[in-house]
Amino acid sequence: MCDLVARTGRHQQRYEAGCRLVAGCIPFKYRKCDESCGSKPKNIIEVLMINSQSGPGLLFPKGGWENDETVEEAAVREALEEAGIRGDIMEFLGFYYFKSKSHQDEFCPDGLCKAAMFAMHVKEELGSWPEQSMRQRRWLTIPEALEQCRHPWMQVALIEGFSKWHANTMMSAEEGDPGTISPSPAR
């Protein structure tokens with residue numbers, strides 16, 4: 001059984017200009033690939049996705065950003081509650097807009113949402129977590145994640161945000177800049 005409890009309700013929810021503010025992350029890790037992957041061993045990047053509660057396809061952990069937390073804290077909390085993971089926030093990937101069919105209320109009647117997405121380097125996968133009974137998690141390569149992703153805005157976050165950031169980070173690391181692969185400072 002899990003001692004952690006997921007937050008529920010909307011009394012702390014943040015809104016801005018008619019949009020519900022959301023925080024989430026694209027969790028990632030490296031998997032060692034042996035000689036079967038090519039001429040020399042290398043690391044393969046994988047991203048973690050979770051099942052949707054409202055239909056087919058997979059999602060990245062995300063949820064409401066609340067008044068008593070920073071946007072980074074909200075992203076970390078959602079990753080823990082929904083996917084049962086802990087890790088380091090590495091980089092802010094951008095804001096992504098979408099329309100939610102299930103989260104329309106008096107402050108956001110059209111269901112418009114503004115999601116702040118982050119890259120999170122996963123350090124720990126918990127054996128139990130708050131939404132474990134409702135969520136399964138899956139590690140996927142980026143092409144697999146694009147194929148399985150339920151929402152177009154998450155596909156954009158994966159390609160335009162995460163993949164570009166990761167490629168730039170790896171290029172800088174290869175050029176000898178040691179500061180590019182450490183967590184970003186708090187915003």
Side-chain angles (χ1 to χ4, degrees), residues 1-16 19-31 45-108 111-140 144-145 148-151 153-155 157-158 161-162 183-184 186-187:
M1 185 163 120
C2 182
D3 292 333
L4 302 168
V5 177
R7 289 186 177 198
T8 58
R10 290 287 164 86
H11 61 282
Q12 294 273 9
Q13 176 64 59
R14 289 181 190 235
Y15 295 88
E16 178 184 276
C19 288
R20 177 176 174 246
L21 298 182
V22 171
C25 66
I26 297 180
F28 73 98
K29 70 176 182 180
Y30 297 100
R31 178 175 49 89
I45 190 162
E46 293 182 322
V47 294
L48 182 84
M49 299 188 83
I50 55 176
N51 66 297
S52 170
Q53 293 184 61
S54 60
L58 299 176
L59 314 169
F60 294 112
K62 59 114 182 90
W65 173 16
E66 299 187 356
N67 289 324
D68 63 345
E69 60 192 351
T70 67
V71 68
E72 293 87 356
E73 289 169 340
V76 167
R77 175 180 52 77
E78 290 295 337
L80 179 67
E81 288 177 1
E82 293 188 349
I85 54 172
R86 289 191 173 113
D88 296 328
I89 293 290
M90 303 300 288
E91 184 73 19
F92 171 67
L93 301 174
F95 288 108
Y96 300 88
Y97 295 85
F98 65 98
K99 193 169 184 175
S100 172
K101 293 177 186 165
S102 60
H103 290 98
Q104 298 169 341
D105 58 29
E106 63 184 292
F107 302 107
C108 183
L112 298 176
C113 297
K114 178 181 176 182
M117 294 295 287
F118 297 87
M120 174 190 270
H121 190 190
V122 175
K123 302 293 186 179
E124 180 182 9
E125 290 181 59
L126 302 176
S128 63
W129 65 96
E131 296 187 17
Q132 180 179 6
S133 65
M134 300 174 279
R135 304 275 191 190
Q136 288 89 49
R137 53 189 179 199
R138 286 187 54 198
W139 286 103
L140 304 163
E144 291 169 338
Q148 297 286 321
C149 193
R150 177 182 173 121
H151 299 300
W153 74 268
M154 287 188 174
Q155 292 172 330
L158 181 58
F162 180 81
S184 64
R187 294 169 25 91

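Quick note: numbers below take in every heavy atom, side chains included, and nothing from hydrogens, waters or symmetry partners.
Summarising the geometry, atom CZ belonging to F60 is positioned 9.0 Å from atom CD belonging to Q155; distances are rounded to the nearest 0.5 Å. Within the model, atoms OG1 of T70 and CZ of R77 stand 10.5 Å from one another, a figure rounded to the nearest 0.5 Å. F118 CZ to I26 CD1: the interatomic distance, rounded to the nearest 0.5 Å, is 11.5 Å. The distance from atom CG of L48 to atom CD1 of I85, rounded to the nearest 0.5 Å, is 5.0 Å. The distance from the CE atom of M117 to the OH atom of Y96 is 8.0 Å, given to the nearest 0.5 Å. Atom CG in L140 sits 7.5 Å away from atom CD in E46 (nearest 0.5 Å).
Closest approach of L112 to K99, counting heavy atoms only: CD2-CG, 4.3 Å. Taking all atoms of both residues into account, the shortest heavy-atom contact from P27 to W139 is O-CZ3, 4.1 Å. For the pair G63 and R20, the tightest heavy-atom approach, listed with the atom from each and the gap, is C-NH2, 4.2 Å. Closest approach of A116 and V71 over heavy atoms only: CB-CG2, 3.5 Å. Considering all non-hydrogen atoms of both residues, L21 and Q13 come closest at O-NE2, 2.8 Å. The heavy-atom pair separating A74 from W65 by the smallest distance is CB-CD1, 3.8 Å.
Judged by distance alone, the side chain of E69 and the main-chain N or O of A75 form no donor-acceptor pair under 3.5 Å. Of the possible polar contacts, one joining the N67 side chain to the Q12 backbone as a donor-acceptor pair under 3.5 Å is found. Looking only at distances, a side-chain donor or acceptor of N51 sits under 3.5 Å from a matching main-chain atom of Q136. For W129 (side chain) and E82 (main-chain N/O), a donor-acceptor pair under 3.5 Å exists by modelled atom type. A donor-acceptor pair under 3.5 Å is absent between the side-chain atoms of R135 and the main chain of A83, judged by distance alone.
With sequence neighbours left out, R150 forms a side-chain contact (heavy atoms from CB on, under 4.5 Å) with S52, S54, P56, L59. Taking the side chain to side chain donor-acceptor pair (under 3.5 Å) definition, one finds that W153 meets it with nothing, sequence neighbours left out.
Using a cut-off of 4.0 Å between Lys/Arg side-chain N and Asp/Glu carboxylate O, E66 and R14 are scored as not salt-bridged. Salt-bridge formation is not detected for the pair E78/K62: no Lys NZ or Arg NE/NH1/NH2 atom is positioned less than 4.0 Å from an Asp or Glu carboxylate oxygen.
Within the 4.5 Å cutoff, side-chain heavy atoms of Q148 are placed close to those of R138. Counting only heavy atoms from C-beta outward, the side chains of V122 and R86 never approach each other to under 4.5 Å.
Aromatic ring pairs are classed by plane angle as parallel below 30°, tilted from 30° to 60° and perpendicular above 60°; the pair Y30 and H121 is perpendicular.
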**Prompt:** Between C19 and C113, is a side-chain contact (heavy atoms from CB on, under 4.5 Å) present by the stated rule, with each step listed?
**Reply:** CA-CA 5 Å; C19 288; C113 297; 5.9 Å; no

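Judged by the 6.0 Å and 45° rule, K114 forms no cation-pi pair with Y97.
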